[in-house]
Asker: 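Have a look at this one.
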Amino acid sequence: MQKILAFLNKHSIIINSICIAFWIYIIYENYQVAKAENSMDERKSYFIVPMLFILLSVFNMYMAQKRKNRQNN
């Protein structure tokens, strides 16, 4: 378990960046489908969950940077 946590802490910025790119892709695809079907009003809720995961990834990146700065001092 220690090795897994060390790996995640070491590469957290890269992992979270990949997650953000993935969720942006999901938002883009949902937008394209909603635009093609003229169903933007019905699909507004499809954008909430990806945005929450993007915010969570940004928060994780912030905390990882804070943790790295604390270790270096």
Asker: Indicate the ring-plane relationship of Tyr31 and Phe47, choosing parallel, tilted or perpendicular according to the 30° and 60° boundaries.
Answerer: tilted
Asker: Any link between Phe59 and Ile20 through a network of hydrophobic side chains (Ile, Leu, Val, Met, Phe, Trp, Tyr) touching at under 4.5 Å?
Answerer: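 The answer is no; the residues belong to distinct hydrophobic clusters.
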Asker: Please check if Phe22 and Val58 belong to a single hydrophobic cluster, counting links between Ile, Leu, Val, Met, Phe, Trp and Tyr side chain heavy atoms closer than 4.5 Å.
Answerer: yes
Asker: Under 4.5 Å between side-chain heavy atoms, counting indirect links through other Ile/Leu/Val/Met/Phe/Trp/Tyr residues: same cluster for Tyr25 and Val33 or not?
Answerer: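 The answer is no; the residues belong to distinct hydrophobic clusters.
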Asker: Quick one: do Phe53 and Ile24 end up in the same hydrophobic cluster if we chain Ile, Leu, Val, Met, Phe, Trp and Tyr together by side-chain heavy atoms under 4.5 Å apart?
Answerer: yes
Asker: Are Tyr28 and Leu52 linked, directly or through other ILVMFWY residues, by side chains that come within less than 4.5 angstrom of each other?
Answerer: no
Asker: Please round to the nearest 0.5 Å and tell me the distance separating atom CG of Asn16 and atom CE of Met63.
Answerer: 12.0 Å
Asker: Look up atom CD1 in Ile27 and atom CD1 in Ile48, then write down how far apart they are to the nearest 0.5 Å.
Answerer: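 If we round to the nearest 0.5 Å, Ile27:CD1 and Ile48:CD1 are 11.0 Å apart.
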Asker: To the nearest 0.5 Å, how far apart are CD1 in Ile18 and OG in Ser57?
Answerer: 11.0 Å
Asker: For the atom pair CG (Asn60) and CG (Leu55), what is the distance rounded to the nearest 0.5 Å?
Answerer: 11.0 Å
Asker: Any pair with a residue in residues 46-69 that passes salt bridge (charged side-chain N to carboxylate O under 4.0 Å, His left out), sequence neighbours left out, goes on the list, sorted by first then second residue, please.
Answerer: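 Every pair satisfying salt bridge (charged side-chain N to carboxylate O under 4.0 Å, His left out) with a residue in residues 46-69: there are none.
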Asker: Roughly how far, to the nearest 0.5 Å, is CG of Leu56 from CE of Met61?
Answerer: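 So the CE of Met61 and the CG of Leu56 are separated by 12.0 Å.
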Asker: Find the distance between CD1 (Ile15) and CG (Asn9) and round it off to the nearest 0.5 Å.
Answerer: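 It comes to 9.5 Å.
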